[in-house]
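Below you'll find the structure, written out as structure tokens, and then a few comments.
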2 protein chains.
Amino acid sequence: MAKAATVYDVAKHAGVSIATVSMTFRRPERVRPSTRDLVLAAARALHYVPSASARGLADGRTGVLGLFSFDYLLPVEVDEGADPDEDCRDFPLYVDEIQRGMELACRRHGYALLIGGPSRVGGAGNLTDIAGHVDGLAVFPQTLPAEALERIAGRIPVVAVSEPPDDDRLSHVTVDNRGGMRAVTEHLIRAHGRRDLLFVGGLNPAEGRDRFAGFQDAVRAAGLRVPREPLVPRTRALPGGRAAVVLPADLPLPEAFVCATDDVALDLLEILAGRGVRVPQDVAVTGFDGIVAGRVVRPSLTTVRQPMAEMGRVVVDILRGRLDDPGRAPVFRELPVRVVLRESCGCGPR
Amino acid sequence: MAKAATVYDVAKHAGVSIATVSMTFRRPERVRPSTRDLVLAAARALHYVPSASARGLADGRTGVLGLFSFDYLLPVEVDEGADPDEDCRDFPLYVDEIQRGMELACRRHGYALLIGGPSRVGGAGNLTDIAGHVDGLAVFPQTLPAEALERIAGRIPVVAVSEPPDDDRLSHVTVDNRGGMRAVTEHLIRAHGRRDLLFVGGLNPAEGRDRFAGFQDAVRAAGLRVPREPLVPRTRALPGGRAAVVLPADLPLPEAFVCATDDVALDLLEILAGRGVRVPQDVAVTGFDGIVAGRVVRPSLTTVRQPMAEMGRVVVDILRGRLDDPGRAPVFRELPVRVVLRESCGCGPR
DNA sequence: TCCGGAGATCTAAGCGCTTAGATTTCAGTT
DNA sequence: AACTGAAATCTAAGCGCTTAGATCTCCGGA
């Protein structure tokens, strides 16, 4: 790799000053066409690629948005050993779909997307390092040190995804967890006459609370008996690094399992199938999120779909808005959800 | 957003020099614990987040790898209008799986991943800008200006994915396209006795050539009649922005369609179903790539699977290798593929 | 021919960090 | 008490770019 050419090299080669070189790339219309051609020719000849670091340093913005992600299913402990072809992550997960939405939105607005996540080895993948690289940052729900987030939010706009607004300096994008859960639960009660419902908790406590509340709303409104406490399943690490739900062997069957997330619901379907329990005949099952895998399993999963691609878009919009107007206060957006009826609740195929 | 704190602010607040502040973060073991605590306290108090631009400028590396991607299915023309929830991209595509492999590999080695792609609006998402941000770059096959790639390759290591090695300065990672295609074709001939085979081309010309060659190898080796020229389907833009294959209405049915990619094969399955042609009874169909959607359709698609996650890993390894030893020459890695027999060729379910 | 002024180009001062190499500190000698 | 050398800290010089503001060019008009 030959020593990289800089503005200085290009300037000398073209017989102009570095300011003109810079101008040629930043504001071509302000330099005379003949000069412009000279500079561009020199740049080409020297294999000039402008340093984004230098640019970022000089003008204070990088043109990059960041996403600090987190694998629920593939924790950092997964290592080289695993056969990459047997990736359990066949279908895009919740976070993948949001990420995809961000990618598209970034592309549309001329931003690049920097993706990082917890990493043992240090390096630029860590939260603070990501933050140092970008103009704005999105973080997925997880136990990130609140102190670090606050610190970063004091420097660049930060939006927390799927994390109910707290009294912090972050923007928040969530969905109507309570309303959505209330709606599916009502469906089970009204359309399918299920009266003995068991709520199964998920992994994100904050969202889980809201969803449980929605569940209770529906149960109470129907005059059913005060719901049991949510069943909070234990999890077990699968060989692939995936977390699988574990249920007590003696769990009595309710008339319906109302799960806080699709992930849990899918595991539950598998467990039930293993025990010879028929869904939805013996027991109904519903999820929450609307991940692709839920459409593909048999029985297909009735669920509450979050508009994930749109969430990604909204995240980017919020970031852009706060970048345009740095004085703007943090934003909170709650997006609507949609109940998707499929087989696992007793509704027709798909 | 208050003006961001810098090393200078932290240094003053802690009563040390900026060198010490820097040292505290870069090489903590070299500063006395008491001083370190002082600096860290100041950093916390001031909400200090180090500027990655400044760091990158100063030490010449950013800790970021880049991926310049490209949506075959969602070209840049897709706009706000489309319902994001009806994203046709339900299942991860070829490029998504490789990207995922890169994400994991980057995380494992402490790199962050910067994702960009063609964008109309300019900004940091463009090829050269991405290049300026990263220590190494991967590009997906497409008609990227070769001149730009050469230029960038003169400054940082670049690896071209799924693009046969050319006489350039890029590293290349591909798979055994020819051998894989020969293998499925042989399977159709030997196991299913198909003798009238039609090859349907894909979108990437270079890979298509190798795959067609593999097809010809098998046909010739079986002593069958010289294969027709590949059928190169026209494509049509779907409302969602997806490119769909179009076949002539009067296309005579061979005994098997051997498709250059899964994408094309899946479209073909749909077209055939629409015409009431039964697969595999009336005609066999095979694909190439091993994308998830091929496992989920009915009939499930017999294909040649590329080790996509591993490709992503290899890409990162190559980049890392050339970063460690800048003198190293570009690398070429061809990975093996695996024939996956499913329903569409006449083999049992799944 | 000379002058004014718009447009093109240049000069020079940072942006915030890293890191040689210089300097200071300090515990241990003698 | 003076001296030593290792450890700790500091000084200062960039890294490559952007951008005010200064300067130069060059054309039309008097």
Side-chain angles (χ1 to χ4, degrees), chain A residues 2-40 42-43 46-64 124 128-129 131-135 155-156, chain B residues 2-40 42-43 46-64 124 128-129 131-135 155-156:
Chain A
K3 179 118 182 13
T6 71
V7 264
Y8 297 97
D9 304 314
V10 176
K12 191 184 303 170
H13 192 284
V16 300
S17 78
I18 60 166
T20 302
V21 174
S22 180
M23 225 36 159
T24 299
F25 290 102
R26 288 307 118 224
R27 233 106 42 138
E29 73 283 0
R30 290 208 196 159
V31 4
R32 199 191 319 168
S34 60
T35 315
R36 198 191 302 159
D37 294 344
L38 230 51
V39 171
L40 292 178
L46 299 176
H47 288 182
Y48 173 64
V49 176
S51 153
S53 296
R55 167 136 76 240
L57 182 54
D59 79 359
R61 27 180 48 249
T62 64
V64 178
T128 302
D129 293 281
H133 273 286
V134 302
D135 294 336
R155 193 198 217 274
I156 57 174
Chain B
K3 176 118 185 9
T6 71
V7 265
Y8 297 97
D9 303 315
V10 176
K12 190 183 305 171
H13 192 283
V16 301
S17 78
I18 60 166
T20 302
V21 174
S22 180
M23 228 30 162
T24 300
F25 289 103
R26 288 308 117 225
R27 234 104 44 134
E29 72 283 0
R30 289 206 196 161
V31 4
R32 199 190 318 168
S34 61
T35 315
R36 198 192 301 158
D37 293 346
L38 228 52
V39 172
L40 293 178
L46 299 177
H47 288 182
Y48 173 64
V49 177
S51 153
S53 296
R55 165 137 76 242
L57 218 213
D59 78 0
R61 28 180 48 249
T62 63
V64 178
T128 302
D129 293 282
H133 273 286
V134 302
D135 294 336
R155 193 197 216 274
I156 56 174

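Below, each value reflects all heavy atoms present in this structure, side chains not excepted, and no hydrogens, waters or symmetry copies.
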**Asked** Who passes side-chain hydrogen bond (donor to acceptor under 3.5 Å, both in side chains) against B:T6, sequence neighbours left out?
**Response**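 side-chain hydrogen bond (donor to acceptor under 3.5 Å, both in side chains) check on B:T6 returns B:D9.
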
**All side-chain hydrogen bond (donor to acceptor under 3.5 Å, both in side chains) counterparts of B:H47, not counting sequence neighbours** =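 Once residues adjacent in sequence are excluded, the partners of B:H47 under the side-chain hydrogen bond (donor to acceptor under 3.5 Å, both in side chains) criterion are A:R169.
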
Any protein N or O atoms within reach of nucleotides 22-24 of chain C? Criterion: under 3.5 Å, listing atom names and distances.
none

**Request:** Drop me the distance from A:R61's CZ to A:I156's CD1, to the nearest 0.5 angstrom.
**Result:**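 Taking CZ in A:R61 and CD1 in A:I156, the distance rounds to 12.0 Å.
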
**Prompt:** How long is the span from the NE2 atom in B:H133 to the OG1 atom in A:T62, to the nearest 0.5 Å?
**Reply:**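 Those atoms lie 5.5 Å apart.
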
**Item:** Sole candidate of B:V31, B:V39, B:L40 that passes side-chain contact (heavy atoms from CB on, under 4.5 Å) when paired with B:V21
**Value:**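 Exactly one candidate clears the test, B:V39.
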
I'd like to check the side chain to side chain contact (heavy atoms under 4.5 Å, CB included) partners of [X]; sequence neighbours left out, ordered by chain and number.
{"X": "A:A54", "answer": "A:S51, B:L57"}
{"X": "B:A42", "answer": "B:V10, B:H13, B:A14"}
{"X": "B:V49", "answer": "A:T128, A:A131, A:R151, A:I152, A:R155"}

**Helix axis bend for the helix from C:dT1-D:dA30 to C:dT30-D:dA1 - C1'-based end axes, five pairs, 10° rounding** =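 Taking the rotation axis at each end, their angle is 50°.
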
**Request:** If a pair satisfies salt bridge (charged side-chain N to carboxylate O under 4.0 Å, His left out) and one of its residues is in residues 47-57 of chain A, list it, with sequence neighbours excluded.
**Result:**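 Output for this query lists A:R55-B:D129.
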
**Message:** Does D:dT19 have its OP1 or OP2 closer than 4.0 Å to a side-chain nitrogen or oxygen of A:R27?
**Reply:**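 Affirmative; the distance criterion is met.
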
**Prompt:** Taking CG from B:D129 and P from D:dC17, how many angstroms apart are they, rounded to a whole number?
**Reply:**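 Whole-Å distance recorded here is 12 Å.
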
**Request:** Find the distance A:R26:CZ to C:dC10:P and express it as a whole number of Å.
**Result:**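 Atom CZ in A:R26 sits about 18 Å away from atom P in C:dC10.
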
Listing time: all N or O pairs from protein to nucleotides 9-16 of chain D that are below 3.5 Å?
unit_1: D:dT9; atom_1: OP1; unit_2: B:T35; atom_2: OG1; d: 2.3
unit_1: D:dT9; atom_1: OP2; unit_2: B:R32; atom_2: N; d: 3.1
unit_1: D:dC10; atom_1: OP1; unit_2: B:S17; atom_2: N; d: 3.4
unit_1: D:dC10; atom_1: OP2; unit_2: B:S17; atom_2: N; d: 2.8
unit_1: D:dC10; atom_1: OP2; unit_2: B:S17; atom_2: OG; d: 3.0
unit_1: D:dC10; atom_1: OP2; unit_2: B:T20; atom_2: OG1; d: 2.4
unit_1: D:dC15; atom_1: O2; unit_2: B:A58; atom_2: N; d: 3.4
unit_1: D:dG16; atom_1: N2; unit_2: A:A54; atom_2: O; d: 3.4

Enumerate, atom names and distances included, each donor-acceptor pair closer than 3.5 Å involving a side-chain atom of residues 23-30 of chain B, sequence neighbours excluded.
unit_1: B:T24; atom_1: OG1; unit_2: B:T20; atom_2: O; d: 2.7

